[in-house]
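Notes to accompany the following structure.
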Amino acid sequence: MELRLKEKIMANIDMFAISDFCPNGGWPKFDNLSIKIYKEEQLPDGILFDVELFYDCEFAGCCFIPGGENYTRLRKNIKVSDTMFMVLNEEINN
């Protein structure tokens with residue numbers, strides 16, 4: 001299930017707000033994307049997942065200072081079915 005969910009997330013990565021990915025600057029790189037599923041709930045019209053995405057944020061460098069990468073995480077609720085993918089913007093209760 002985790003591999004299929006990762007594929008769906010990658011296919012719909014543009015559904016996430018780009019500003020959520022690297023709050024400390026830089027831009028996200030998904031080469032090493034991994035996910036952790038905290039909760040899975042079957043709904044009448046799909047499955048609700050509480051997931052955390054792990055990925056790199058790449059920081060820009062300049063001619064004297066090299067760039068860098070910072071392993072970052074983002075936790076979201078997503079709703080998935082065979083025909084739908086939604087990123088929910090509600091708060092996650094741990």
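Every side chain to side chain contact (heavy atoms under 4.5 Å, CB included) that I18 has, sequence neighbours left out, goes to F21, P28. Residues passing the salt bridge (charged side-chain N to carboxylate O under 4.0 Å, His left out) test with K8: none are found, sequence neighbours excluded. For D45, the side-chain hydrogen bond (donor to acceptor under 3.5 Å, both in side chains) partners two or more places apart in sequence, or in a different chain, are K79. Scanning for salt bridge (charged side-chain N to carboxylate O under 4.0 Å, His left out) contacts around E52 gives R73, with sequence neighbours left out. Annotation: side-chain hydrogen bond (donor to acceptor under 3.5 Å, both in side chains) contacts of N12 (sequence neighbours excluded): none.
D31 has its side chain out of reach of D56: every pair of non-hydrogen atoms, C-beta onward, lies at least 4.5 Å apart. In this structure, I9 and F16 have side chains that are in contact, with non-hydrogen atoms separated by less than 4.5 Å. With contacts defined as side-chain heavy-atom distances shorter than 4.5 Å, the pair L53/F30 does not qualify. Side chains of E40 and I47 form a contact here, defined as non-hydrogen atoms less than 4.5 Å apart. Taking the side chain as every heavy atom from C-beta outward, I35 and F49 never approach each other to under 4.5 Å.
Between K39 atom NZ and L48 atom CG the span is 7.5 Å, to the nearest 0.5 Å. Rounded to the nearest 0.5 Å, atoms OH (Y55) and CG (N32) are 13.5 Å apart. Distance check, rounded to the nearest 0.5 Å: CE of M15 to CG of L88 gives 10.0 Å. One distance of note links CZ of F85 with CG of D14; it measures 9.5 Å at 0.5 Å rounding.
When hydrophobic clusters are built by joining Ile, Leu, Val, Met, Phe, Trp and Tyr residues whose side-chain heavy atoms come closer than 4.5 Å, directly or via intermediates, M10 is grouped together with V51.
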Using side chain to side chain contact (heavy atoms under 4.5 Å, CB included), reason through D20 and K76 one step at a time and then give a plain yes or no. CA-CA 10 Å; D20 286 348; K76 286 286 188 178; 3.0 Å; yes

